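A quick note: this is a predicted structure, and the numbers were derived from the prediction, not measured. Just so you know, these numbers use all the heavy atoms, side chains as well, and skip hydrogens, waters and symmetry mates. Read the numbers this way: they start at 1 and go in the same order the structure lists the ligands and their atoms.
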Amino acid sequence: NAAAAGIPIHCSLLLTEARDRHMLRLLVLHGPNLNLLGTREPSVYGQASLPDIDKSIVRRAGERGIAVQTKQTNVEGELVTWIQNARGHFDGIIINPAAYTHTSIAIRDAIAAVALPTVEVHLSNIHQREEFRHHSFIAGVALGQLSGFGPTGYLLALHALAAHLEAVSKASRPRTAPKNKPTASRR
Ligand code: DQA
């Protein structure tokens, strides 16, 4: 069991296996400049590198029996394509769109189009920072937003998204009629 062993899910074969095992499959996307974490403005973004963060996400997912794939790009269109391609392969998305949060209608539209529950994560508290970071084009189509908790935000997002998906799948399961329930009889 690759995910339980804490191994990231790399290919569609493993995703198919995860689906067949009824594991939740989550896609974690990191936007521009997040590849520089660790050296990039550490007073704002902390000391952890992106591989450190990804490792902790994969480890936590493995503990919960969730399959995760993590990806980073500096290219807006690549994020759009990955979101589009997530349909049918993933149950939900965790995304830190980085600076595209504040500019990208294309990423917002892709999330709305695939209609996969999506959690928006920011390492820093965007509402405490410059005015131009206060607005998120993503928030309106996201299940929720976690901002200001550093790398822990990704783990909180994982728990929140898994709890949401589990609640949705429980609610949609057909209810089985209780056995041997005495029927009330009226005279
Ligand atoms: C960020 C916040 C954005 O405003 C910024 O452009 C980033 C990172 C964060 O994780 O705090 O690149 O998304």
Participant: So, taking the atom named CG in Asp109 and the one named OG in Ser104, what distance separates them when rounded to the nearest 0.5 Å?
Facilitator: 8.0 Å
Participant: What pairs with His134 under ring pair (Phe, Tyr, Trp, His ring centres under 6.0 Å), at least two apart in sequence or on another chain?
Facilitator: none
Participant: For residues 91-123, which residue pairs pass the ring pair (Phe, Tyr, Trp, His ring centres under 6.0 Å) check, not counting sequence neighbours?
Facilitator: none
Participant: Does a salt bridge link Glu166 with Lys170, judged by any charged N lying under 4.0 Å from a carboxylate O?
Facilitator: no
Participant: Quick check for you: to the nearest 0.5 Å, what is the distance between Ile107 atom CD1 and Ile138 atom CD1?
Facilitator: 5.5 Å
Participant: For ligand 1, which of its N or O atoms have a protein N or O partner closer than 3.5 Å, and how long is each gap?
Facilitator:
unit_1   : atom_1 : unit_2 : atom_2 : d
ligand 1 : 4 (O)  : His102 : NE2    : 2.7
ligand 1 : 4 (O)  : Arg133 : NH1    : 2.9
ligand 1 : 6 (O)  : Ala99  : N      : 3.2
ligand 1 : 6 (O)  : Arg133 : NH1    : 3.1
ligand 1 : 10 (O) : Asn96  : ND2    : 2.9
ligand 1 : 10 (O) : Leu123 : N      : 2.8
ligand 1 : 11 (O) : Leu123 : N      : 3.3
ligand 1 : 11 (O) : Ser124 : N      : 2.9
ligand 1 : 11 (O) : Ser124 : OG     : 2.6
ligand 1 : 12 (O) : Arg40  : NH1    : 3.1
ligand 1 : 12 (O) : Arg40  : NH2    : 2.9
ligand 1 : 13 (O) : Asn96  : OD1    : 2.8
ligand 1 : 13 (O) : His122 : ND1    : 2.8

Participant: Please list all pairs meeting ring pair (Phe, Tyr, Trp, His ring centres under 6.0 Å) that have one or both residues in residues 29-70, counting only residues at least two apart or in different chains.
Facilitator: His30-Tyr154
